[in-house]
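In this text, all values refer to a predicted model and were calculated from it rather than measured experimentally.
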Amino acid sequence: SGSNVYGAIKLDGDCQNTIIANNYIRKSAHGIVVEGALYTSIRGNTIENPTEYGIRLNAGYTDYANIAGNMITNSGNNGMKMGIYIQYGQYFNVTGNTVLNADEDGISCAGSKGVVSGNTIYSSGGNGITSSTGNVMSITGNSVGNSGDYAIRVGTGDCTSVVGNCSYDSGKYPSQF
């Protein structure tokens with residue numbers, strides 16, 4: 001099942017209670033791709049130079065993911081790629097990650113009921129953090145520097161809180177809500 005999304009590690013289909021931890025991934029299309037999995041923990045991984053996304057939660061019911069303590073550098077040399085991309089999913093936590101030199105957004109979330117907290121994003125070509133369609137999002141305690149566009153950008157959605165973040169040397173605009 002799933003789509004034709006390739007990477008070094010892929011959870012495809014009805015996986016539950018899976019841990020992806022302490023891997024070193026270098027020069028792959030995607031670092032880690034998760035499609036249709038529940039209760040996934042992605043932690044302590046180092047992902048260098050993926051040509052697409054560092055970590056991507058893709059199609060299906062990819063809910064209850066915990067993405068913590070990962071280091072992602074130089075993602076997306078093909079353009080429009082993010083360090084961490086949550087395309088679909090609910091009840092996710094993205095905490096304590098470091099994303100350096102993402103071609104587009106450092107962390108981008110289109111899911112809902114998520115927490116993005118305590119991350120460091122530096123030198124992203126687009127936004128440091130994007131919440132594009134999320135409802136009940138919490139974006140707190142992140143450090144975003146040298147973004148090409150906004151440090152933090154929130155699109156449509158209800159009940160989003162953006163509290164206690166630090167933005168420095170971000171491109172065109174410091175933040176948009």
Novice: Answer whether the closest heavy-atom distance between the side chains of I86 and V94 falls below 4.5 Å.
Specialist: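 In contact.
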
Novice: If we only count heavy atoms from C-beta on, is the N70 to I47 side-chain gap below 4.5 Å?
Specialist: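 Answer no - side chains too far apart.
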
Novice: Would you say the side chain of N45 lies within less than 4.5 Å of the side chain of N22, judging by non-hydrogen atoms?
Specialist: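 No; the side chains remain at least 4.5 Å from each other.
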
Novice: Consider only side-chain heavy atoms of I, L, V, M, F, W and Y, link residues closer than 4.5 Å, and tell whether V99 and I25 are in one cluster.
Specialist: yes

Novice: Determine whether S131 and M137 make a side-chain contact, defined as any pair of heavy atoms from C-beta on separated by less than 4.5 Å.
Specialist: yes

Novice: Between S147 and G128, what is the shortest heavy-atom contact and its length?
Specialist: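 So the minimum-distance heavy-atom pair works out to OG-N, 3.4 Å.
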
Novice: Restricting to non-hydrogen atoms, name the atom on Y168 and the atom on S143 that form the minimum distance, rounded to 0.1 Å.
Specialist: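 Residues Y168 and S143, closest heavy atoms: CE2-OG, 3.4 Å.
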
Novice: Should T18 and V34 count as side-chain neighbours, where that means a heavy-atom distance under 4.5 Å?
Specialist: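 T18 vs V34: side chains apart.
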
Novice: Going from CD1 on I152 to CD1 on I129, what distance comes out if it is rounded to the nearest 0.5 angstrom?
Specialist: 4.5 Å

Novice: Roughly how far, to the nearest 0.5 Å, is the CG atom of D63 from the CD atom of Q16?
Specialist: 10.5 Å

Novice: Any idea which heavy atoms bring G83 and A102 closest together, and the distance?
Specialist: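 Result for this residue pair: N-CB, 3.9 Å.
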
Novice: State, yes or no, whether a side-chain contact exists between V162 and V154 at a heavy-atom distance under 4.5 Å.
Specialist: yes

Novice: For residues L100 and I72, determine if any side-chain heavy atom of one lies less than 4.5 Å from a side-chain heavy atom of the other.
Specialist: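 The answer is no, as the side chains (C-beta and beyond) never meet within the 4.5 Å cut-off.
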
Novice: Can any side-chain N or O of N165 pair as donor or acceptor with the backbone N or O of I139 at less than 3.5 Å?
Specialist: yes

Novice: Do T140 and S117 have side-chain atoms, one donor and one acceptor, less than 3.5 Å apart?
Specialist: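 Distance-only check passes for T140 and S117.
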
Novice: What heavy-atom pair brings A37 and L11 nearest, and what distance separates the two atoms?
Specialist: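 In this case the closest contact between A37 and L11 is CB-CD1, 4.4 Å.
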
Novice: Please go through Y91's hydrophobic cluster and name the other residues, only I, L, V, M, F, W, Y counting, with side-chain heavy atoms under 4.5 Å joining them.
Specialist: L38, Y39, Y64

Novice: Hey, does the side chain of T62 reach the backbone of G36 with a donor-acceptor pair shorter than 3.5 angstrom?
Specialist: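 Yes: the side chain of T62 pairs with the backbone of G36.
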
Novice: Apply side-chain contact (heavy atoms from CB on, under 4.5 Å) to the pair I107 and I121, showing each step before the final yes or no.
Specialist: CA-CA 8 Å; I107 298 172; I121 299 103; 3.9 Å; yes

Novice: Can you tell me how far apart CG (D105) and OG1 (T130) are? Round to the nearest 0.5 Å.
Specialist: 3.5 Å

Novice: Compare every heavy atom of G106 with every heavy atom of S124, then report the nearest pair and how far apart it is.
Specialist: CB-N, 3.7 Å

Novice: Regarding Y24 and E48, is there a side-chain donor-to-acceptor distance under 3.5 Å anywhere?
Specialist: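 Checked: Y24/E48 side chains pair up, N/O donor to acceptor below 3.5 Å.
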
Novice: Can you measure from CD (E104) to CE (M82) and round to the nearest 0.5 angstrom?
Specialist: 5.5 Å

Novice: Return the CD1 to CD1 distance between I84 and I32, rounded to the nearest 0.5 Å.
Specialist: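 These two atoms lie 9.5 Å from each other.
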
Novice: How far does OG1 of T120 sit from CE of M71, to the nearest 0.5 angstrom?
Specialist: 8.5 Å

Novice: Write down the atom of N58, the atom of V33, and the distance for their closest heavy-atom approach.
Specialist: CB-CG1, 4.4 Å

Novice: Just by distance, with hydrogens left out, do N119 and N142 show a side-chain donor and acceptor under 3.5 Å apart?
Specialist: yes

Novice: The test is side-chain contact (heavy atoms from CB on, under 4.5 Å); show your working for T40 and N66 and say whether it passes.
Specialist: CA-CA 6 Å; T40 303; N66 183 35; over 6 Å; no

Novice: N101 and side-chain hydrogen bond (donor to acceptor under 3.5 Å, both in side chains): which partner among N49, T73, N146, N74?
Specialist: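 Exactly one candidate clears the test, N74.
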
Novice: Is the shortest side-chain heavy-atom distance between C109 and Y85 below 4.5 Å?
Specialist: no

